[in-house]
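A quick write-up on the structure given underneath.
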Amino acid sequence: MAKAEKTLDDLFLDTLKDVYHAEKQILRGLTKMAKSATTDDLRNAFETHREETDHQVQRLEQVFEMVGKRAQGKPCEAMQGLIEEGKEIMDEFKGSVALDAGLISSAQAIEHYEIARYGTLINWANKLGMKDAAKLLQETLEEEKKTDALLSKLAGEAVNQKAAA
Ligand SMILES: [Fe+2]
Ligand SMILES: [Fe+2]
């Protein structure tokens with residue numbers, strides 16, 4: 001019976017908790033990836049996005065406030081898996097010419113997950129009449145897309161550079 005009473009508000013809150021947990025894991029992941037990166041460009045990209053991610057966590061906390069709920073994470077298994085794969089690549093390709101390409105591919109999988117999640121949250125926020133929340137989430141979505149585009153560019157360079165070396 002209880003299940004039938006769940007609403008889009010519940011789903012929104014649930015997904016908000018999922019993304020909140022994911023972003024906090026990404027903060028730690030980006031710190032590790034920045035340390036592993038072998039070029040300044042890639043390290044800078046990870047460090048810049050780490051700072052942005054800090055703000056993204058704060059934006060999510062603002063959205064929790066808007067819905068009158070305590071900011072709280074709910075373990076995001078998808079992100080745990082993506083971060084775990086990233087760690088494996090860091091270990092297995094450490095010191096190899098393919099390390100940066102591997103780091104970028106892991107990071108892009110993470111960005112794509114985020115882009116999917118924020119797109120959904122924005123859609124639902126609009127449906128629920130939460131214009132201010134939608135606007136905040138949109139700011140984050142733009143950062144995720146911008147990061148993904150930068151990583152695509154660096155991916156091309158990483159491969160060319162190593163092939164030429
Ligand atoms: Fe993010
Ligand atoms: Fe991101």
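Atoms within a ligand are numbered from 1 in the order they appear, just like the ligands themselves. Computed over heavy atoms, backbone and side chain alike; hydrogens, waters and symmetry mates excluded.
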Would you mind writing out the side-chain donor-acceptor pairs for residues 71-86 within the sub-3.5 Å range, not counting sequence neighbours?
{"unit_1": "Lys74", "atom_1": "NZ", "unit_2": "Asp14", "atom_2": "OD2", "d": "2.6"}

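For a distance threshold of 2.8 Å, the protein N, O or S atoms nearer than that to the Fe ion (ligand 2), listed by chain and number, are His49 NE2, Glu111 OE1, Glu111 OE2, Glu114 OE1, Glu144 OE1.
Between the side chain of Ser36 and the backbone N or O of Met33, no donor-acceptor pair lies under 3.5 Å. Side-chain N or O atoms of Asn123 include none that pairs as donor or acceptor with a backbone N or O of Gly119 at under 3.5 Å.
Linking ILVMFWY residues whenever their side-chain heavy atoms come closer than 4.5 Å, directly or via other members, places Ile115 and Val63 in the same cluster.
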> Could you walk me through whether Gln56 and Glu114 pass the side-chain contact (heavy atoms from CB on, under 4.5 Å) check?
Replying inline: CA-CA 11 Å; Gln56 294 175 355; Glu114 293 185 287; 4.0 Å; yes

> How far apart are the C-alpha atoms of Leu13 and Lys69, what are their side-chain angles, what is the distance that settles it, and do they pass the side-chain contact (heavy atoms from CB on, under 4.5 Å) test?
Replying inline: CA-CA 9 Å; Leu13 182 62; Lys69 301 285 181 190; 3.8 Å; yes

